[in-house]
Amino acid sequence: MSKIQLLSSRLANQIAAGEVVERPASVAKEVLENSLDAGATRVDIDVEAGGSKLIRIRDNGSGIPSEDMALALARHATSKITSLEDLERVGSLGFRGEALASIGSVSRLTLTSNANEHGSEGSSAACEGREMEVQLKPAPHPRGTTVEVRDLFFNTPARRKFLRTEKTEFNHLEEVVKRLALSRFDVAFTLRHNGKVVHSLKVAEAQAECQRRVATICGPAFMEQAIAIESNVPPYRLSGWVGLPTFSRSQADLQYFFVNGRVIRDRLIAHAVKQAYRDVLYHGRHPAFVLYLELDPAQVDVNVHPTKHEVRFRDGRAVHNFIFSSLHRALADVRPGQAPGGDPAAEQLLTTSDGMSIDTATGEIRSQSPLAWGTPTADRPAMAGRGFGSPPPSSGQVAGQLNSYSRLHGLPDVESPEEVPPLGYALAQLKGVYVLAENAHGLVLVDMHAAHERITYERLKAARDESGIRSQPLLVPQSIAVSQREVQVAIEHSALFQRLGLAVDEGGEESLVIRQIPVVLRDSNVEQLLRDVLADLIEYGSSERIEAHMDEILSTMACHGSVRANRRLTIPEMNSLLRDMEETERSGQCNHGRPTWIQMGLDELDTLFLRGR
Ligand code: ADP
Ligand code: MG
């Protein structure tokens, strides 16, 4: 007798189920994706006992004609693609034609559907983890489909054992619903657990409604502290919201990335986002985001994983670059109002509040000369009207408030409201820590040290970029053993290394020689850094590690060189700090991602004093 036998279709389905049906949440994902593919505009999800007892999903999609019911439950049967060309530019969420067959092989599944525009007569088929002998029965059902999955894994006890508590399983399932709800604002979702409504999301059309849905799913705090992204560089488009660096998380639990409407987890994308936040997020913190990437479906392969959580981009480097630059730009603009151009760091020597001078090219602290910090520039020209946080005030309001202030301080009257700087004018200093200022909205509170630290840091970086990186030759060139591929990559990117002040030569087939390093990195482990950079270059085609490391050193210098708490500032010095904040990129948060300033509107103050207006 032959040793090799064809698997029974039941066993084959159960094996396939091993890939796609891990837990109740995976059932929900597959069934919901079918509803969305069927053009449903509303789906109702009922769950009992975390989904292991029951998952019932009803939609108002196109339905399944009764003659197709048996096929819908069969493996390798799909209405979504017919050829390899279809697969290469697939627009539906499903296409493998095995979800219902797999789920049916490990549960008690009932499929009820009606594809008729009019009439309420549908048909129903059931399978109980057995061979697919589908008995069709007439059943009342409006146009659309209901899939009922009971007793998941009842016939595969080994898998049932892997299920966690009801609560954990439900959390996973809810997460699936959230993701899909974020991917389709045009579909209404309700989710009930053990008879209780957990989510009820109406169709969202206007931008405000979409934002409300995001706030419901991701929490209102996210939406309040998020910036909208809209970046269009054909063939790519990126939209959505990213949390301000001051809204970072201890876990990577608020990160949603959709590629052509499909939620995915991807290392390349994670790396691009992380790199964009590099300079504004404290170590170990995670950014929050809901982002949608759209590109030609032919440019992305979705058939790389059975659950389709991963994709492969035809041009991964271009995608990486696009995402990084879109987000980097958006995050750099996080500052109070935006100033037109102007290079704040033309000089090579930067003098800090404590009278310390820092050579911006080498980072050396030069001297201690008692110089005051900055120059008073309270009358600097207009900032573009893009405020931060609250809406812009009316012109009369602004002029009135500011003129009374100006007269008091012997400043020229404000003619037009455009001349009001976003952070207003300093009033006083509190406990040597906070600057109090008045702007058009009301009170501004600034954490002096945090703000100054960011300004100093950005200046150090700008000065470095301006004057170039100073490097020094190593007395003894350092030879390191690497792979042939790494030698190649190092040669390919020699221009990058040169720009960063590193001289790296080929030392042999499998070795590199470091001859020169940037002065700021003299105390760093350059060999390790180089190895990490080569690994990045091989995997992502780009690396910012060297810059990141140099920035970290500059950041430490900035921290030491910034106004300490308890230092008295004069009013002009405070105003100068405010003006510098307005002109400095990323000045909305300090180098550690904490906020540098907050606004308390007059209305908020009024509320504090129970003052009706
Ligand atoms: P796939 O989604 O990969 O095609 P499935 O096993 O998930 O495979 O579904 C098989 C087929 O059953 C689908 O191609 C579709 O024609 C039909 N189907 C499943 N669910 C629905 C639904 N909710 N509404 C309409 N048709 C459905
Ligand atoms: Mg499917």
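Of all heavy-atom pairs spanning Ser102 and Val21, the tightest one is CB-CG2, 4.3 Å. Pro518 approaches Ile469 most closely through the heavy-atom pair CB-CG2, 3.7 Å. Between Leu238 and Ser326, the shortest heavy-atom distance links the atoms CD2-CB, 3.9 Å. For the pair Ala252 and Arg265, the tightest heavy-atom approach, listed with the atom from each and the gap, is O-NH2, 4.4 Å.
Every residue two or more places apart in sequence or in another chain that forms a salt bridge (Lys or Arg N to Asp or Glu O under 4.0 Å) with Arg96 is listed here: Glu98. For Asp447, there are no salt bridge (Lys or Arg N to Asp or Glu O under 4.0 Å) partners, not counting sequence neighbours. Taking Phe324 as the reference, His328 meet the ring-ring contact (aromatic ring centres under 6.0 Å, His included) condition, with sequence neighbours excluded. Every residue meeting the side-chain hydrogen bond (donor to acceptor under 3.5 Å, both in side chains) condition with Lys461, not counting sequence neighbours, appears here in chain and number order: Asp279, Glu458. Listed by chain and number, the residues in a salt bridge (Lys or Arg N to Asp or Glu O under 4.0 Å) with Arg314 amount to none (sequence neighbours excluded). Residues meeting the side-chain contact (heavy atoms from CB on, under 4.5 Å) test with Leu475, sequence neighbours left out: none. Every ring-ring contact (aromatic ring centres under 6.0 Å, His included) that Tyr236 has, sequence neighbours left out, goes to Phe322. For the side-chain contact (heavy atoms from CB on, under 4.5 Å) test, residues two or more places apart in sequence or in another chain that qualify with Glu509 are Gln484. Taking the salt bridge (Lys or Arg N to Asp or Glu O under 4.0 Å) definition, one finds that Lys274 meets it with nothing, sequence neighbours left out.
Of the charged side-chain nitrogens involved, none lies within less than 4.0 Å of a carboxylate oxygen, so that Glu510 and Arg485 do not count as a salt-bridged pair. Under a 4.0 Å N-O distance rule, the pair Asp86/Lys80 does not qualify as a salt bridge. The pair Arg454-Asp580 does not count as a salt bridge, with every side-chain nitrogen at least 4.0 angstrom from each carboxylate oxygen. Ion pairing between Lys29 and Glu33 holds under the 4.0 Å rule for side-chain N and carboxylate O. Look at Arg89 and Asp296 and you find a salt bridge, because one of the NZ, NE, NH1 or NH2 atoms lies within 4.0 Å of a carboxylate O, short of that distance.
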message: Under the criterion side chain to side chain donor-acceptor pair (under 3.5 Å), I'd like the reasoning laid out for Ser239 against Glu230: C-alpha separation, chi angles, the key distance, then a yes or no.
response: CA-CA 4 Å; Ser239 57; Glu230 181 63 64; 4.8 Å; no
message: Working note: Leu445 + Val435, criterion side chain to side chain contact (heavy atoms under 4.5 Å, CB included); need CA distance, chi angles, decisive distance, verdict.
response: CA-CA 6 Å; Leu445 281 167; Val435 171; over 6 Å; no
query: After noting the C-alpha distance and the side-chain angles of Phe257 and Ile323, does the key distance pass the side chain to side chain contact (heavy atoms under 4.5 Å, CB included) rule?
result: CA-CA 11 Å; Phe257 200 97; Ile323 293 171; 3.6 Å; yes
- request: Decide side chain to side chain contact (heavy atoms under 4.5 Å, CB included) for Met448 and Tyr434; before the verdict, give the C-alpha distance in whole Å, the side-chain angles of both, and the deciding distance to 0.1 Å.
  value: CA-CA 6 Å; Met448 255 164 53; Tyr434 298 105; over 6 Å; no
task: Could you check Val300 against Asn260 for side chain to side chain contact (heavy atoms under 4.5 Å, CB included), going step by step and ending with a plain yes or no?
output: CA-CA 9 Å; Val300 44; Asn260 290 343; 3.9 Å; yes
task: Take Ser483 and Glu486, measure what side chain to side chain donor-acceptor pair (under 3.5 Å) needs, and give me the verdict at the end.
output: CA-CA 5 Å; Ser483 69; Glu486 285 168 321; 3.2 Å; yes
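When atom types are taken as modelled, the side chain of Glu506 and the backbone of Leu512 share no donor-acceptor pair closer than 3.5 angstrom. Judged by distance alone, the side chain of Arg531 and the main-chain N or O of Val482 form no donor-acceptor pair under 3.5 Å. Here the side chain of Ser555 pairs no donor or acceptor atom with the backbone of Asp551 at under 3.5 angstrom. Side-chain N or O atoms of Arg545 include none that pairs as donor or acceptor with a backbone N or O of Leu529 at under 3.5 Å. Side-chain N or O atoms of Asp37 include one that pairs as donor or acceptor with a backbone N or O of Gly94 at under 3.5 Å. Under a 3.5 Å cut-off, the side chain of Arg262 and the backbone N or O of Leu93 do form a donor-acceptor pair. One N or O on the side chain of Arg285 and one on the backbone of Ser248 form a donor-acceptor pair closer than 3.5 Å. Not one N or O on the side chain of Thr596 forms a donor-acceptor pair closer than 3.5 Å with the backbone of Cys590.
Between Phe185 and Trp241, the ring planes lie perpendicular to each other; the angle is over 60°, past the 30° to 60° tilted range.
Proximity of Arg586 to Leu331: side-chain heavy atoms (C-beta onward) are nowhere separated by under 4.5 Å. With contacts defined as side-chain heavy-atom distances shorter than 4.5 Å, the pair Val290/Cys218 qualifies.
Sorted by first then second residue, the side chain to side chain donor-acceptor pair (under 3.5 Å) pairs that include residues 16-28, not counting sequence neighbours, are Arg23-Glu169, Arg23-His172. Residue pairs that meet the side chain to side chain donor-acceptor pair (under 3.5 Å) test with at least one member in residues 491-504, sequence neighbours left out, do not exist here. Listed by first then second residue, pairs satisfying ring-ring contact (aromatic ring centres under 6.0 Å, His included) with a partner in residues 285-304 read Phe258-Tyr292, not counting sequence neighbours.
Between the side chains of Asn171 and Glu175, not a single donor N or O lies within less than 3.5 Å of an accepting N or O. Between the side chains of Ser576 and Glu573, no donor-acceptor pair is found at a separation under 3.5 Å. Side chains of Thr246 and Gln589: no donor on one and acceptor on the other come within 3.5 Å.
Shown are Val259, Leu293, Val311, Asp266; of these, the side chain to side chain contact (heavy atoms under 4.5 Å, CB included) with Val319 is made only by Leu293.
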